[in-house]
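One structure is given below, encoded as structure tokens.
All of these numbers come straight from a predicted model, not from anything done at the bench. No hydrogens, no waters, no symmetry mates; every other heavy atom, side chains included, goes into these values.
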Amino acid sequence: MFPSSAEGPESPVCSAKGCRAAAVWVLAWNNPKLHTPERRKTWLACEEHREYLAKFLGARGFLKDVVLLAEWHEPGTD
């Protein structure tokens, strides 16, 4: 489940610290030291924070995929 804003559960917001902007992107990631290879954790990003969050995860080798929120499907729900 994605975090939501005060507007309600249908309004996912960016995962960047202090940001309350509407989410546009899903960044799928996992920490290979903690998670099985198929496990995907998610962060949400607005346009402004997508690149920053992707670089943060990518520098650690955690980033697996960046997908538009409108196109995102939870693994195993297809």
Side-chain angles (χ1 to χ4, degrees):
M1 186 61 135
F2 296 124
S4 60
S5 71
E7 296 172 23
E10 300 300 318
S11 302
V13 297
C14 182
S15 298
K17 185 176 181 177
C19 184
R20 302 308 294 163
V24 179
W25 298 94
V26 176
L27 290 77
W29 63 278
N30 82 6
N31 180 339
K33 292 181 181 180
L34 302 175
H35 307 121
T36 59
E38 66 279 352
R39 173 114 187 250
R40 291 295 179 267
K41 307 268 299 172
T42 56
W43 281 356
L44 301 179
C46 63
E47 286 292 345
E48 180 182 350
H49 291 111
R50 180 188 60 83
E51 186 176 343
Y52 170 79
L53 293 173
K55 284 182 179 180
F56 180 91
L57 292 168
R60 291 154 179 78
F62 295 174
L63 186 62
K64 301 301 178 191
D65 205 4
V66 178
V67 180
L68 282 168
L69 179 60
E71 298 174 4
W72 173 253
H73 300 282
E74 287 285 336
T77 60
D78 291 335

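Taking 4.5 Å as the limit, every side-chain heavy atom of Phe56 sits out of range of all side-chain heavy atoms of Trp29. In this structure, Cys19 and Val13 have side chains that are not in contact, with every pair of non-hydrogen atoms separated by 4.5 Å or more. Two residues are said to be in side-chain contact when any heavy atoms from C-beta on lie closer than 4.5 Å; Cys14 and Leu44 fail this criterion. A 4.5 Å side-chain heavy-atom check between Leu27 and Thr42 finds every atom pair outside the cut-off.
In terms of heavy atoms, Leu69 sits closest to Pro12 at CD2-CG, 3.7 Å.
Both the sub-6.0 Å distance and the 45° axial angle are not jointly satisfied by Arg50 relative to the ring of Tyr52.
By the side chain to side chain contact (heavy atoms under 4.5 Å, CB included) test, Glu47 is found to be paired with Val24, Trp25, residues two or more places apart in sequence or in another chain being considered.
Among residues at least two apart or in separate chains, there is no side chain to side chain donor-acceptor pair (under 3.5 Å) pair with a member in residues 62-71.
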Acceptor/donor pairs from residues 30-37 side chains to any protein atom, 3.5 angstrom cut, sequence neighbours excluded:
from: Asn30; atom 1: ND2; to: Thr36; atom 2: O; distance (Å): 3.2
from: Asn30; atom 1: ND2; to: Pro37; atom 2: O; distance (Å): 3.3
from: Asn30; atom 1: ND2; to: Arg39; atom 2: O; distance (Å): 3.2
from: Asn31; atom 1: OD1; to: Lys33; atom 2: N; distance (Å): 2.9
from: His35; atom 1: ND1; to: Asn31; atom 2: N; distance (Å): 2.9
from: His35; atom 1: ND1; to: Asn31; atom 2: O; distance (Å): 3.4
from: Thr36; atom 1: OG1; to: Glu38; atom 2: OE2; distance (Å): 2.9

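The line from NZ of Lys17 to CG of Leu53 is 13.0 Å long, rounded to the nearest 0.5 Å.
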